[in-house]
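Given the structure is predicted, the values throughout are model-derived calculations rather than measurements. Scope of the values below: all heavy atoms of this structure, side chains included, with no hydrogens, waters or symmetry mates.
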Amino acid sequence: MRSTNKLASNNIRAGRTLLIPTAQQDSGQYALSASQRLSRKENQLAQSNREKRHYKVNSGDSLWSIARSYNVSPQQIAGWNQMSTKTPLQIGQQLVIWKQPKSATTLSKRDQQLTRRIGYQVRNGDSLYGIANKFSVTINDIKRWNNLENQKYIKPGQQLTLYIDISKSR
């Protein structure tokens, strides 16, 4: 809005006329409408082999307690359900949770202290070899962590989970 009205700062003066940009078409016509962003996010989560779960909120539940029981973060649950972490939960409310499959690697306490779990979005030109080399992990580890044993290719936009040894980070 600042550029549209050629404003140098965030301050506006009373009585000044401002131009308010609006969409020319229905929100469904735009590539990044809310429903399309949600659909894209769900497709990426499904490709990452996470298990989609539905959770019914009970008395005394909090995002933190639910997140802890599913080994995810409260921010992830909020994002998956298009809400804020500060939004109060309602008893009986249905939440979607994308749980990491049980086949994901379990690390020892010592390895957990030296290892960080990161999300990596595949870019154009990426290969498993290049990603493995960049993060000092093996191709087989990436395949195992992301259940890619039966997939031949990775695609731009695909989300990968990597477990990085911080003692080896560059």
Exercise: identify the closest heavy-atom pair between [X] and [Y]:
X      : Y      : value
Gly157 : Gln121 : CA-NE2, 3.4 Å
Thr161 : Arg117 : CG2-NE, 3.5 Å
Met83  : Leu95  : SD-CD2, 4.0 Å
Ile142 : Leu160 : CG2-CD1, 4.3 Å
Pro74  : Ala67  : N-CB, 3.5 Å
Leu63  : Ser84  : CD1-O, 4.2 Å

For Gln93 and Asp61, what are the C-alpha separation, side-chain angles and deciding distance, and is it a side chain to side chain contact (heavy atoms under 4.5 Å, CB included)? CA-CA 11 Å; Gln93 179 179 356; Asp61 279 345; over 6 Å; no

If you apply the rule side chain to side chain contact (heavy atoms under 4.5 Å, CB included), what do you find for Ile154 with Asn146, and how did you get there? CA-CA 11 Å; Ile154 55 174; Asn146 295 281; over 6 Å; no

Straight-line distance of Ile77 CD1 to Ser62 OG, nearest 0.5 Å: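 It comes to 9.0 Å.
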
Give, for atom OG of Ser69 and atom NZ of Lys99, the distance between the pair rounded to the nearest 0.5 Å.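 Spacing of OG (Ser69) from NZ (Lys99) equals 9.0 Å.
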
Mind running side chain to side chain contact (heavy atoms under 4.5 Å, CB included) on His54 and Val96 for me, showing each step along the way? CA-CA 5 Å; His54 295 276; Val96 171; 4.0 Å; yes

Mind checking whether [X] and [Y] have side chains closer than 4.5 Å, heavy atoms only?
X      : Y      : answer
Val72  : Trp80  : yes
Ile66  : Leu89  : yes
Ile131 : Leu162 : yes

Please enumerate all residues that pass side chain to side chain contact (heavy atoms under 4.5 Å, CB included) together with Ile139, with sequence neighbours excluded.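 Ile139 satisfies side chain to side chain contact (heavy atoms under 4.5 Å, CB included) with Leu128, Tyr129, Ala132, Lys143 once adjacent residues are dropped.
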
For Tyr153, check side chain to side chain contact (heavy atoms under 4.5 Å, CB included) against everything at least two apart and list the hits.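 With neighbours one apart ignored, the set is empty.
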
Under the ring-ring contact (aromatic ring centres under 6.0 Å, His included) test against Phe135, which residue among Tyr120, Trp145, Tyr163 passes?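 It is Tyr120; the other options fail the test.
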
Honestly curious: do Trp64 and Ile97 fall in one hydrophobic cluster under the side-chain, below-4.5 Å linking rule?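 Different clusters.
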
Side chain to side chain contact (heavy atoms under 4.5 Å, CB included) assessment of Leu148 paired with Gln158: CA-CA 12 Å; Leu148 299 175; Gln158 184 175 354; 3.7 Å; yes

How about Arg68: does its CZ atom have over 12 heavy atoms from other parts shown lying under 6.0 Å from it?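 Open.
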
